[in-house]
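Protein chains get the first letters and strands the later ones, always in sequence-line order, with residue 1 at the start of each.
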2 protein chains.
Amino acid sequence: MQNNLRINGERLSWRLAELATKGAIEGGGVARLALSDADRQGRDLVVSWMKELGLAVTIDGVGNVVGVRAGREDGPLVMAGSHIDTVATGGRYDGNLGVMAGLEVIATLNEAGIVTRRPLAVAFFTNEEGSRFQPDMLGSLVYVGDLPLTQALATPAIDGARLGDELTRIGYAGPAPVGKPGVHSYVELHVEQGPVLEAEGFTIGAVEGVQGISWTEFTISGQSNHAGTTPMRLRHDAGYAAAEIATFARRLAREIGGNQVATVGALTLSPNLVNVVADRALMTVDLRNTDEARLQEAEKRLFAFADEIAASEGVEITRRTLARFEPVAFSAPLVARVEAIAREFDLPVKRLPSGAGHDAQMLARVCPACMIFVPSVKGISHNVKEYTAPDDLTAGADVLLRLLLEMAE
Amino acid sequence: MQNNLRINGERLSWRLAELATKGAIEGGGVARLALSDADRQGRDLVVSWMKELGLAVTIDGVGNVVGVRAGREDGPLVMAGSHIDTVATGGRYDGNLGVMAGLEVIATLNEAGIVTRRPLAVAFFTNEEGSRFQPDMLGSLVYVGDLPLTQALATPAIDGARLGDELTRIGYAGPAPVGKPGVHSYVELHVEQGPVLEAEGFTIGAVEGVQGISWTEFTISGQSNHAGTTPMRLRHDAGYAAAEIATFARRLAREIGGNQVATVGALTLSPNLVNVVADRALMTVDLRNTDEARLQEAEKRLFAFADEIAASEGVEITRRTLARFEPVAFSAPLVARVEAIAREFDLPVKRLPSGAGHDAQMLARVCPACMIFVPSVKGISHNVKEYTAPDDLTAGADVLLRLLLEMAE
């Protein structure tokens, strides 16, 4: 084991900057929606780097790209991966870091002349963001066998295109069988996309799992009335009911505690006029918890509260589930190794859950998987202002290098 | 005094229906925006009726139309009035009823051969609704001398036209001096536009005054964050702050009690996405009370609460006043007469405030003024479904007839 081996942080930042020129947008950001022309340019660049680094590149039927570095033995791959598609107003780190750091690990090993026992691989998966095709994490979901390829290829884009046609158009409908070769273990280095590490002074996050997600849309129907002439007791105010639910969501998160979060991000009133009691409100509640039982408790209490408000205000409230995912736990031994390696490197480390979804949660269905987080300044994410300091990028890639080496031996 | 004299309810309903053919829209409603072609058609019809009834019609510089029926003596006018402009999706009763009932009173007196001591007048004022030109109640405001004619004529329409040009275009820039002759007393029969009379089983509302109005717009600036990755304690959620203010407004109305009302009719979040903490909320709070001191108390408590929430959530909240009117009290003797006449006619009567603005509140600045309300089914107002039963229209017009006769003698 090469305990003193470190990656080249400047080369890592250079690759991130080069990749960010593909689909570059104003403000230093990137728009590289999945399977767009910009995505093709990004893919072409990364594939050319993979080849320069001596990796054997395979592309499967949904466009997932895997670059393999042979080990002393054959067998399942020790894989670093993430995605290079972005949201429409994205930054250069989200996803890209995990892939570029994987390449940097390969470059570092090449320079050091190290050949691992198991083969190493760097992968990027198609359409992680879900901005152009639903669902998100589509490529990794196909990779682990939980979404049939034919169904994935038929997925319509928001712009009307079909995923399979777009794959062919940009030249990334590959011949490799999906999910082959098998994966021994998977590590994803990623920016936190939240403010915790920076706010609390940590450099490395040892990600224990991904929060379960529950998205509910409430439609509230009341009665439109004149704001001046309708006494309070005769109102059926959809806007008021919505506001009560929104404040309850905050109370709920506080009462359940732990890592429970609750967000009302979308709320629309109609007719939305200063002097008219709203007859309709459309709102969403986003609940997340790493503990499925607590998440279910949060849902139950939220729904019960909505029913109470509907009765007391005399409005009708219907709800529908927009999304529901159970929490995912990463491999406990791998999480422990991330923590231990960070300590060894004198990097302040904190265990934390991921609030966002990642390809790693799909890979966790078929192999031991884990994630390494590095700080996002101010927690800004999905925004051209997304930023992680170079030293933190380097620290995260060093931990990735060490962990990959351990797993590959 | 002709105590047994009653108006002809069928003729009143006929005139309302005929007038509703001018600017008729789907669903039985009316779109007669001030000084539009439809308004001209409505004005022409009403003026032709005034002339048929023998009234001397004058039109002033802002298009207010007054039809005068001579009395046994000269002197200030005993006036019935309202407006015939409507909102874009209006009904046939709002405003129109007061004018048509005035004509019906004249027709009834003509048939009975009664000449009053003081001259009687029926008036309709320009742009009461304020849907096309701001402010609302513009014509009556000019009539009482509180808005200079030149300023009124320069008022821009929402469609870019100038009020003075539109007046000339439709032929209603009249030669009569504004506010002449003077008004002895003013009575306005109007639909309630609220649900109270119907809900409580009253036919006549003796309107004590008009509520004071306070409209505040709050702009809340927080921080946009990922709904999954941002712990509750690190949030600066503009949407949550808005929801707290909205629920506080309801609490405030309940605690102040009386006729205090509070409405959050407009609330917009941005970016308004299910999984993003809102960084901006724009909302309005509409407060009304007949008591100025209590209205000021409500404002003070609302603003203090907003400041508290701004501090506790770490958001910035700025506010601006969109509208502020002090309450108006109608002539106590006239309100008492409305109540007494209704009782004499065996009509269930309730004293109540007006939650909406009316031309009567402008006339109240220069003479004793009052209003008579009749029920609005379900309180529906500014809507093609606005409806008042024919018996209620008749009852209201009978009270109007009797009160005008009393004042004119």
Side-chain angles (χ1 to χ4, degrees), chain A residues 192-196 199 211 213 215 217 223-232 234-235 237 239-240 242-247 249-250 253-254 259-269 271-278 284 286 288 322-323 354-357 376 378-383, chain B residues 192-196 199 211 213 215 217 223-232 234-235 237 239-240 242-247 249-250 253-254 259-269 271-278 284 286 288 322-323 354-357 376 378-383:
Chain A
E192 180 195 349
Q193 298 181 265
V196 175
Q211 291 181 326
I213 294 180
W215 285 1
E217 180 186 75
Q223 191 177 310
S224 183
N225 278 122
H226 193 293
T229 60
T230 313
M232 303 311 289
L234 295 177
R235 297 187 177 201
D237 185 338
Y240 166 68
E244 281 287 0
I245 291 173
T247 56
R250 172 64 67 95
R254 193 168 52 225
N259 57 43
Q260 177 69 50
V261 288
T263 308
V264 174
L267 171 54
T268 307
L269 302 185
N272 207 41
L273 297 171
V274 57
N275 59 344
V276 180
V277 173
T284 58
D286 174 323
R288 308 198 192 193
L322 299 180
S354 170
S376 293
K378 291 185 188 164
I380 294 169
S381 171
H382 288 181
N383 191 301
Chain B
E192 181 195 348
Q193 299 180 264
V196 175
Q211 292 180 324
I213 294 180
W215 285 0
E217 180 185 76
Q223 191 176 312
S224 182
N225 277 122
H226 193 293
T229 60
T230 314
M232 303 310 290
L234 295 177
R235 296 185 177 203
D237 186 339
Y240 166 68
E244 280 287 1
I245 290 173
T247 57
R250 172 65 68 94
R254 194 169 51 225
N259 57 43
Q260 177 69 50
V261 287
T263 308
V264 174
L267 172 54
T268 306
L269 302 186
N272 206 41
L273 296 172
V274 56
N275 59 345
V276 180
V277 174
T284 58
D286 175 323
R288 307 199 194 192
L322 298 180
S354 170
S376 293
K378 290 185 186 163
I380 293 169
S381 171
H382 287 181
N383 190 301

Exercise for review: Please flag which part of A:Q260 lies under 4.5 Å from any non-hydrogen atom of chain B: side chain, backbone, both or neither.
Suggested key: backbone
Review point. Closest heavy-atom contact between B:V196 and A:P231?
Key: CG2-CG, 3.2 Å
Practice item. Taking all heavy atoms of B:G228 and all of A:Q211, pick out the closest pair and write down the distance. Key: O-OE1, 3.0 Å
Study note, to complete from the structure: Counting heavy-atom pairs under 4.5 angstrom with chain B, the leader among A:A262, A:A242, A:G239 is A:A262
Exercise for review: Sort A:A199 into side chain, backbone, both or neither according to what part of it lies under 4.5 angstrom from a heavy atom of chain B.
Suggested key: side chain
Practice item. List the steps, then state whether side-chain contact (heavy atoms from CB on, under 4.5 Å) holds for A:H382 with B:V276. Key: CA-CA 10 Å; A:H382 288 181; B:V276 180; over 6 Å; no
Review point. Among A:A246, A:A266, A:G194, which has the most heavy-atom pairs under 4.5 Å with chain B?
Key: A:A266
Exercise for review: Kindly write out the residues that satisfy side chain to side chain contact (heavy atoms under 4.5 Å, CB included) with B:T230, not counting sequence neighbours, or none if the list is empty.
Suggested key: A:P195, B:N225, B:H226, B:L234, B:R235
Study note, to complete from the structure: Interatomic distance, CG@B:L269 vs CG@A:L269, rounded to 0.5 Å, equals 8.5 Å
**Study point:** Winner by heavy-atom pair count (cut-off under 4.5 Å) against chain A, out of B:D237, B:I213, B:V261
**Key:** B:V261
Revision key, fill the gap. With sequence neighbours left out, the residues meeting salt bridge (Lys or Arg N to Asp or Glu O under 4.0 Å) with B:R288 are B:D286
Practice item. Report the option among B:E192, B:R250, B:E244 that has the most heavy-atom pairs separated by less than 4.5 Å from atoms of chain A. Key: B:R250
**Study point:** Backbone of A:A356 reached by a side-chain donor or acceptor of B:T229 within 3.5 Å
**Key:** no
Practice item. Tell me, out of A:G265, A:A278, A:S354, A:S376, who's got the most heavy-atom pairs with chain B below 4.5 Å. Key: A:G265
Point to revise | Least distance between heavy atoms, A:N275 atom then B:W215 atom | key: CB-CZ2, 3.6 Å
Exercise for review: Among B:V277, B:T263, B:V274, B:T284, single out the residue with the greatest number of heavy-atom pairs under 4.5 Å to chain A.
Suggested key: B:V274
